[in-house]
Amino acid sequence: KKKRKKMYLCEINNIKLVIGNTYIVQPNNPKKMKHRNRICTLIEVENHLLPSWGIVKFHDTKRNGKIDGLSDLKPFEKRDN
């Protein structure tokens, strides 16, 4: 089987969003607490031309959820201690 390349979706705030990549939810607004610091995988985006929200799968509960602002997603890198 050939592995398919991950689809480059869009770039928001100099962050390239790719379906299937892992992100952490960190809103820029300090008062926005929904899903803060949760690790997730991007599954689907509402509109590829002007994306405003997306569907993600959270790693802690294995459930799907909706992210209202894609600018809240930041790249997640595992740290080995």
Side-chain angles (χ1 to χ4, degrees):
K1 271 186 169 176
K2 287 185 178 179
K3 289 187 178 180
R4 289 193 284 173
K5 289 184 179 179
K6 291 186 178 182
M7 188 177 113
Y8 168 72
L9 186 60
C10 64
E11 189 169 339
I12 297 177
N13 295 338
N14 295 326
I15 297 171
K16 293 180 182 179
L17 296 178
V18 179
I19 292 178
N21 278 7
T22 303
Y23 299 95
I24 187 165
V25 182
Q26 291 181 340
N28 295 330
N29 183 355
K31 293 183 180 181
K32 189 174 181 182
M33 299 302 290
K34 188 172 185 179
H35 303 308
R36 182 177 288 277
N37 294 327
R38 291 183 76 185
I39 300 167
C40 60
T41 300
L42 185 61
I43 295 176
E44 183 182 338
V45 173
E46 170 244 347
N47 183 357
H48 293 287
L49 298 176
L50 294 170
S52 59
W53 58 268
I55 305 294
V56 297
K57 184 169 194 165
F58 293 108
H59 291 208
D60 55 353
T61 60
K62 307 289 189 232
R63 291 184 174 198
N64 292 352
K66 180 180 173 184
I67 298 293
D68 290 327
L70 291 178
S71 61
D72 295 346
L73 296 177
K74 308 294 187 257
F76 177 73
E77 298 176 7
K78 289 185 179 179
R79 297 181 187 170
D80 295 330
N81 291 336

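No hydrogens, no waters, no symmetry mates; every other heavy atom, side chains included, goes into these values. Position 1 is the first residue of the sequence, and the numbers go up from there.
Pro75 has its side chain out of reach of Asn21: every pair of non-hydrogen atoms, C-beta onward, lies at least 4.5 Å apart.
Every residue meeting the side-chain contact (heavy atoms from CB on, under 4.5 Å) condition with Thr22, not counting sequence neighbours, appears here in chain and number order: Ile39, Thr41, His59, Phe76. Contacts of Lys74 classified as side-chain contact (heavy atoms from CB on, under 4.5 Å), with partners at least two apart in sequence or in another chain: Ile15, Ile24, Gln26, Asn28.
Sorted by first and then second residue, the salt bridge (charged side-chain N to carboxylate O under 4.0 Å, His left out) pairs with a member in residues 18-28 form an empty list; sequence neighbours excluded. Applying the salt bridge (charged side-chain N to carboxylate O under 4.0 Å, His left out) rule to pairs touching residues 19-38 yields Lys32-Asp72, Arg38-Asp60, sequence neighbours excluded. Note on residues 15-42: pairs passing ring-ring contact (aromatic ring centres under 6.0 Å, His included), not counting sequence neighbours, are His35-Phe58.
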Next item on the list: Assess whether side-chain contact (heavy atoms from CB on, under 4.5 Å) is satisfied between Leu42 and Leu73, documenting all intermediate values.
Entry: CA-CA 9 Å; Leu42 185 61; Leu73 296 177; 4.3 Å; yes
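The minimum heavy-atom distance between Lys62 and Lys57, with the atom names listed, is O-CE, 3.3 Å. The two atoms that bring Gly54 and Leu70 nearest to each other are N-CD2, 3.9 Å, heavy atoms only.
Between the CD1 atom of Ile43 and the CG atom of Asn64 there is a distance of 4.0 Å, given to the nearest 0.5 Å. Rounded to the nearest 0.5 Å, atoms CH2 (Trp53) and CD1 (Ile67) are 11.5 Å apart.
Taken together through direct or relayed side-chain contacts under 4.5 Å among Ile, Leu, Val, Met, Phe, Trp and Tyr, Val18 and Val56 form part of one hydrophobic cluster.
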